[in-house]
Amino acid sequence: MNKGIAYEIPKTMQRAFEQDLFVFSGMKAYTALREVGSLSFLDSTRTPKSWHQIKQDADKLNIMYNETYLQTEYNFVNHSALQASRWASYEADGDEYYLQYRTANDDRVRQDHHDLAGITLLPSDAFWKEYTPPNGWNCRCVIVQVLKEDYKPSNSEKAIELGKQATTKIDKNGNNTAEIFRFNPGKEQKLIPPKHPYLSGDCGKLAATLKTLNLSLLSLADKRKVANAVDKCKARKEVERLEIKSKYVVTEVGKGTLAIHEDLNNKANDYKNVKESAEFFAKQGNDVQMNPKFDGIFKNPDYEKIYGGLKGTKYWGKCPDIKVGDLFYEHEGFETKNAKKAFKNMLNRGLKQSDKVVIEDCGLTDKYMLRNIGTRIFIEKQDIAEVWVKKGNELRLLYKNAKTP
């Protein structure tokens, strides 16, 4: 990837590429292992194979996945990274220039890619959404910026039709195996085709479909297909979990663990207090995460991975400081010497991030604080699930809603 990147790219794009390749690599390993696991240990006469025969079968798969496929994937990622970094640079210029499709212009260029050569269109044209190179394995085509006064624009509809032809290869089962190349690496921030066979399958849609299926009515072959799809979705979920986990430094704290994200600002004023709160929850036997704040939240590829548990709630788009198990907590401190004002400000800020809040001890009595919390809940109709008070390294639970798990 890094070898292919020709221009400076945004940090979020770099991170998205790393995540894309991590997930692809994990699902490639899963796919290869599934295929090794499905090797027959019987020959054509139903006689058990010898160790030598079994090893030969496994070696063929090893060469296919880790030499043949790997070389092709290496070439594709390298070229895809080049085109993605160019796209990021070109897109910044808007429609000031045309983009032109060019081939390597030698006898190795496939005919349908040769037919695309010279297509000249604005960056905003729909053609580039699906037909930005690479348009196939080992494709060497590129896009370049050209001056508007030097070239006339192509017919967009005709260009799209040529793009469809270049990405249509029908196999013996009637499937278009080249359709996966209809994507723009820079625009989608993906270096591998998103619909690559290792990655394909809508796991969310599969879960909904399974609820409507009567498995007892399916044939054995269809049951196997469903079981394989479910297994693949479980594998992908685990790979994605490991990808996010790789960005955390994990240590054992008491009976639990504390995971601190590598992008967390440990120079922030409240870092020490947030960490002490996180350590307190970990000591109780919980798996705890200290999470980063994001700018441009929904453009960041990590946001949903880390804060996905907030989806569907009013806190979606927020970044609470701490995750304890599956629950999110926001820590708030204070600077003012006015205790009542400090308490009010901490709750106001904290409840914007989560309904579970940790506040610093500002010297008020529990009776006063609980009365204030009651007013917020019953009169102001605020959602408050938990309020913890931190003093030194220790936290104590001041309030907990009976409905809170």
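All residue numbers in this chain count up from 1 along the given sequence.
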With the side chain counted from C-beta on, respond yes when M369 and V389 share a heavy-atom pair under 4.5 Å apart, and no when they do not. yes
Worked verdict on Y271 versus K275 for side-chain contact (heavy atoms from CB on, under 4.5 Å): CA-CA 6 Å; Y271 178 83; K275 186 178 180 184; 4.0 Å; yes
Just wondering, are more than 12 heavy atoms of other shown residues or ligands nearer than 6.0 Å to CD in E335? no
Testing the 3.5 Å rule here: is there a donor-acceptor pair between the side chains of T45 and D43? yes
Criterion ring pair (Phe, Tyr, Trp, His ring centres under 6.0 Å) on W137 and H196, from CA distance to verdict: CA-CA 12 Å; W137 300 121; H196 188 286; 5.8 Å; yes
Which residue, Y69, F181, F24, forms the ring-ring contact (aromatic ring centres under 6.0 Å, His included) with F76? F181
The test is salt bridge (charged side-chain N to carboxylate O under 4.0 Å, His left out); show your working for R182 and E179 and say whether it passes. CA-CA 6 Å; R182 295 177 185 174; E179 190 174 8; 3.8 Å; yes
Is atom NZ of K225 surrounded by more than 12 heavy atoms (other residues, nucleotides or ligands) closer than 6.0 Å? no
Checking ring pair (Phe, Tyr, Trp, His ring centres under 6.0 Å) for the pair F281/W388: CA distance, chi angles, key distance, verdict? CA-CA 11 Å; F281 286 119; W388 293 75; 5.3 Å; yes
Given side chains that start at C-beta, do those of Y329 and V357 come closer than 4.5 Å, heavy atoms only? no
With no hydrogens and no angle check, just 3.5 Å: does a side-chain donor-acceptor pair link Q145 and D93? yes
Could you tell me whether the side chain of L122 reaches within less than 4.5 Å of the side chain of Y98, counting heavy atoms only? yes
Taking everything shown except K129 itself, do over 12 heavy atoms lie less than 6.0 Å from its NZ? no
Short side-chain donor-acceptor distance under 3.5 Å, N135 and R110: no
Got L39 and L61 here, is their nearest side-chain heavy-atom distance under 4.5 Å? yes
Does the side chain of Y30 pick up a donor-acceptor pair with the side chain of D231 at under 3.5 Å? yes
Please determine whether the number of non-hydrogen atoms from other residues, nucleotides or ligands lying under 6.0 Å from atom CG of D171 exceeds 12. yes
What do you reckon, is NZ of K223 surrounded by more than 12 foreign heavy atoms closer than 6.0 Å? yes
Salt bridge (charged side-chain N to carboxylate O under 4.0 Å, His left out) between K272 and E276: does it pass, once the steps are laid out? CA-CA 6 Å; K272 177 176 178 291; E276 288 174 350; 2.7 Å; yes
Determine whether Q189 and I9 make a side-chain contact, defined as any pair of heavy atoms from C-beta on separated by less than 4.5 Å. no
Under 3.5 Å, is there a donor-acceptor pair between the R241 and S246 side chains? no
Evaluate the salt bridge (charged side-chain N to carboxylate O under 4.0 Å, His left out) criterion for residues D263 and K293: first the C-alpha distance (whole Å), next the side-chain angles of each, then the deciding distance (0.1 Å), finally the verdict. CA-CA 9 Å; D263 290 338; K293 306 291 186 186; over 6 Å; no
For L347 and I373, run side-chain contact (heavy atoms from CB on, under 4.5 Å): C-alpha distance rounded to whole Å, both residues' side-chain angles, the deciding distance at 0.1 Å, then the answer. CA-CA 9 Å; L347 282 187; I373 291 170; 4.2 Å; yes
Quick one: do E394 and K390 make a salt bridge, cutoff under 4.0 Å? no
Can you tell me if NZ on K340 sees more than 12 non-hydrogen neighbours from other groups inside 6.0 Å? no
Might you confirm whether atom CG of N348 has over 12 heavy atoms from other residues, nucleotides or ligands at distances under 6.0 Å? yes
Regarding Q353 and Y315, is there a side-chain donor-to-acceptor distance under 3.5 Å anywhere? no
Kindly indicate whether the side chain of V144, heavy atoms from C-beta on, has any atom under 4.5 Å from the side chain of V142. yes
Between R224 and N228, a side-chain donor and acceptor under 3.5 Å: no
Stepwise side-chain contact (heavy atoms from CB on, under 4.5 Å) test for H79 and L82: CA-CA 5 Å; H79 200 57; L82 170 64; 3.9 Å; yes
Flag the pair K247 and E18 as a salt bridge only when some basic side-chain nitrogen lies within less than 4.0 angstrom of an acidic carboxylate oxygen. yes
Check the pair E330 / K352 against side-chain contact (heavy atoms from CB on, under 4.5 Å), numbers first and verdict last. CA-CA 9 Å; E330 174 69 8; K352 289 179 181 178; over 6 Å; no
Going by atom types only, do W51 and Q53 share a side-chain donor-acceptor pair under 3.5 Å? no
Hey, mind stepping through E262 and Y248 against side chain to side chain donor-acceptor pair (under 3.5 Å) and telling me if it holds? CA-CA 6 Å; E262 64 179 23; Y248 287 86; over 6 Å; no
Donor-acceptor side-chain pairing of S156 and D125 below 3.5 angstrom: yes
Are any non-hydrogen side-chain atoms of D115 and L162 less than 4.5 angstrom apart? yes
Indicate yes or no: does E243 engage R15 in a salt bridge with an N to O separation below 4.0 Å. yes
I'd like to know if the side chain of N75 pairs up with that of Q71 as donor and acceptor (distance under 3.5 Å, no hydrogens or angles considered). yes
Within the 3.5 Å criterion, strictly below it, is a donor on Q100 or T120 matched to an acceptor on the partner's side chain? yes
Donor on one side chain, acceptor on other, K323 and N291, under 3.5 Å: no
Non-neighbouring partners of A104 that pass side chain to side chain contact (heavy atoms under 4.5 Å, CB included), sequence neighbours left out: D106, V109, R140
Salt-bridge criterion met for R236 and E240 (N-O under 4.0 Å): yes
K314, NZ: over 12 other non-hydrogen atoms inside 6.0 angstrom: yes
Side chains of L351 and R376: closer than 4.5 Å at any heavy-atom pair? yes
